[in-house]
Amino acid sequence: MSLSRSAPIERRMPPPVARISQISKYEGQEVELRGWLYGKRSSGKLHFLQVRDGSGVIQAVVFKNEVPTEMFARADHILQESSIVVRGTVRADKRSPLGFELGVNHVEVVHEAKDYPITPKEHGVAYLMEKRHLWLRSARQNVILRVRHTVEKAIRDFFDEDGFTLVDAPIFTPAACEGTSTLFEVPYFDLGKAYLTQSGQLYMEAAAMALGKVYCFGPTFRAEKSKTRRHLTEFWMVEPEVAFMDLEEDMTLAERFICSIVQRVLDKHEREIREVLERDTSKLQTVKPPFPRMTYGEAIERLNKAGHPSKWGDDFGGDEETVLASQFDRPVIVHRYPADLKAFYFKRDPADPRVALGMDVLAPEGFGEIIGGGQREDDFDALLGRIEEHKLPVEAFEWYLDLRKYGSVPHAGFGLGVERTVSWLCGLHHVRETIPFARMMERITP
RNA sequence: UCCCCGAUAGCUCAGCUGGUAGAGCGGGUGACUGUUAAUCACCAUGUCCGUGGUUCGAGUCCACGUCGGGGAGCCA
């Protein structure tokens, strides 16, 4: 099959297979690249093949007089996204954005891609979402997925290095945290109905009493009919929970946690975020502790001063979050919300029983709430009263109440949404691009 | 659930007060030894979302429907 120029008798050893991301290690050497044709330009006696292998894109230059005539002619007819194998010499070249290109002596097509639907020109998001399985191959999506990977790795490393134990929470749950309307319902044998988890928090509280510092990291399901750029029906959330931790320490943990993620992403991807995603990374360089902290009451005052009339008791929507967040160059923490706005399990502030010891972290530049959390109610009677007030089935929470019966301690935690975080770091308009295959109200394919 | 917008070539879109459709990309053929969304020339391509209606005549106007997008509400 191969039309090698070398004599057929002395078969040459095939060159080593290289990854494009590691190409600088092979300067001056002959390598084999296995990948797909990302793009192509032709100039008569030479063809420029943009080859991608999943780790990067390199330009492979095919000169007419350096390969057999037939191979040169075929190289001009390789279609976009055909899988190919190229061999050649790695050489430094200032004209290349990568710094290196490949001087080709052999090209072969593994499989021809006819009529690849995503062309180098613009496409609508709806069309691209329809072709999501192919869209993932594009440079932008490659960067976003790599950033997501780094965010998830940074999350794991942060907690692992801080003495936390990863505890997996169940996906099937017997009842809602508060009201069943927002949960996905599934049939569950003779036990009736089960629901897909909305949060692992309650289980983490139990685990924290067992292991002290724990976190869970998994998918979360919300059945709200939300059609906004900040919502998915299936998304990933990490939820740490720590025994003997109060609200102040919770906020400090959230701050350190976010800073470590941002720093890791900048260390690994600053250049591609700036160049490929065209996101201004200076807006991420300023993300250092301490984050501004304000009470809900102070936030309301700020909103009024900013010409955005609000009164005590109002919840914040996207607009309010953006107004508050835009006043700072780093995430802002809002704490002590009216208890009525928060879930039943938050502890009331002893200094002001109208407010709950909850906090939200709002990302800058209008990217919204990335963290929600707080200190939990640790008193048996108070918690039981709260469950009854919310008209929740006490039987379903008996195990949860047990935690307040046997060695209860102050404890706190939070949940961070992976997609909103990636969306912020990458500067993306919509969270749907931050997850490989988005699940939304009106989309379940591909 | 509500409000706004849209649907024309494989894709992105243009198509004015109604007169039977067009540009770029992608594809094909050819030119070009340094292109970076290469360039240049030529070629092919349409249930103008659907159903009614108005009209001599509808891609264009009207009604209804379908699908999609954006936003709000909702959302620890």
Produce the list of close N/O pairs, under 3.5 Å, pairing protein atoms with atoms of nucleotides 71-73 of chain B; give distances to one decimal.
from, atom 1, to, atom 2, distance (Å)
G71(B), OP1, Arg229(A), NE, 3.4
G71(B), OP1, His429(A), NE2, 3.3
G73(B), O6, Lys225(A), O, 3.3
G73(B), O6, Lys227(A), N, 3.0
G73(B), N1, Lys225(A), O, 2.7

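- Under the ring-ring contact (aromatic ring centres under 6.0 Å, His included) criterion, Phe380(A) pairs with no residue at all, not counting sequence neighbours.
- Across all strands, Arg432(A) comes closer than 4.0 Å only to sugar-phosphate atoms, never to a base (heavy-atom distances).
- Taking atom C1' on both U66(B) and U45(B), the two are 27 Å apart, rounded to the nearest angstrom.
- For Phe344(A) and Phe397(A), the ring centers sit closer than 6.0 Å to each other.
- Within 6.0 Å of CD1 on Ile444(A) lie no more than 12 heavy atoms contributed by other residues, nucleotides or ligands.
- Base contact: Glu239(A) has a heavy atom under 4.0 Å from a base atom.
- Between Glu377(A) atom CD and A76(B) atom C1' there is a gap of 16 Å when expressed in whole angstrom units.
- Rounded to a whole Å, the OH atom of Tyr195(A) is 19 Å from the C1' atom of A76(B).
- For G18(B) and C56(B), the C1' atoms lie 12 Å apart once the distance is rounded to whole Å.
- Rounded to the nearest Å, the gap between the C1' atom of A7(B) and that of C49(B) is 6 Å.
- Between the C1' atoms of C4(B) and C25(B), the separation comes to 30 Å (whole Å).
- Separation of the Phe158(A) and Phe164(A) ring centroids does not fall under the 6.0 Å cut-off.
- The salt bridge (Lys or Arg N to Asp or Glu O under 4.0 Å) pairs that include a residue from residues 361-378 of chain A are Glu241(A)-Arg376(A), Arg279(A)-Glu365(A), Lys347(A)-Glu377(A), Lys347(A)-Asp378(A), Glu377(A)-Arg386(A), where partners are two or more places apart or lie in different chains.
- Within the structure, ring-ring contact (aromatic ring centres under 6.0 Å, His included) pairs that include any residue of residues 208-236 of chain A comprise Phe159(A)-Tyr215(A) (at least two apart or interchain).
- To the nearest angstrom, P of C74(B) lies 14 Å from CD of Glu369(A).
- Taking atom C1' in both A14(B) and G53(B), one finds a spacing of 28 Å when rounded to whole Å.
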**Request:** If a protein heavy atom is under 4.0 Å from the base, mark B; if only from the sugar-phosphate, S; if neither, -; do that for nucleotides 24-37 of chain B going 5' to 3'.
**Result:** SSSSSS--BBBBBB
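- Only the C1' atoms considered, U20(B) is 36 Å distant from U39(B), to the nearest whole Å.
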**Dot-bracket encoding per residue of RNA chain B, Watson-Crick/G-U cut-off under 3.5 Å, | denoting interstrand** = (((((((..((((.....[..)))).(((((.......))))).....(((((..]....))))))))))))....
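- Comparing Met441(A) and Leu341(A), the nucleotide of RNA chain B nearest to each residue sits closer to the 5' end for Met441(A).
- Side-chain N/O atoms of Gln50(A) and Gln59(A) include a donor and acceptor closer than 3.5 Å.
- Looking at residues two or more places apart in sequence or on another chain, you find a ring-ring contact (aromatic ring centres under 6.0 Å, His included) between Phe414(A) and Phe257(A).
- Listed by chain and residue number, Lys311(A) satisfy the salt bridge (charged side-chain N to carboxylate O under 4.0 Å, His left out) test with Asp314(A) (two or more places apart in sequence, or in another chain).
- Rounded to an integer number of Å, the gap from CE of Met440(A) to P of C67(B) is 16 Å.
- Qualifying salt bridge (charged side-chain N to carboxylate O under 4.0 Å, His left out) partners for Lys94(A), counting only residues two or more places apart in sequence or in other chains: none.
- Distance Arg386(A) CZ to A76(B) P: 17 Å, rounded to the nearest Å.
- In this view, Tyr127(A) and His123(A) satisfy the ring-ring contact (aromatic ring centres under 6.0 Å, His included) rule, not counting sequence neighbours.
- The separation between Arg420(A) atom CZ and A76(B) atom C1' is 11 Å, rounded to whole Å.
- Rounded to an integer number of Å, the gap from Gln198(A) CD to C75(B) C1' is 9 Å.
- G57(B) sits 15 Å from G52(B) when the P atoms are compared, rounded to a whole Å.
- As a whole-Å value, the separation of Leu247(A) CG from A76(B) C1' is 14 Å.
- G68(B) and G50(B) are spaced 15 Å apart, taking the C1' atom of each and rounding to whole Å.
- Listed by chain and number, the residues in a side chain to side chain contact (heavy atoms under 4.5 Å, CB included) with Arg137(A) are Trp36(A), Arg52(A), Glu81(A), Tyr116(A), Leu134(A) (sequence neighbours excluded).
- Among pairs with a residue in residues 46-91 of chain A, those fulfilling ring-ring contact (aromatic ring centres under 6.0 Å, His included) read His47(A)-Phe72(A), at least two apart in sequence or across chains.
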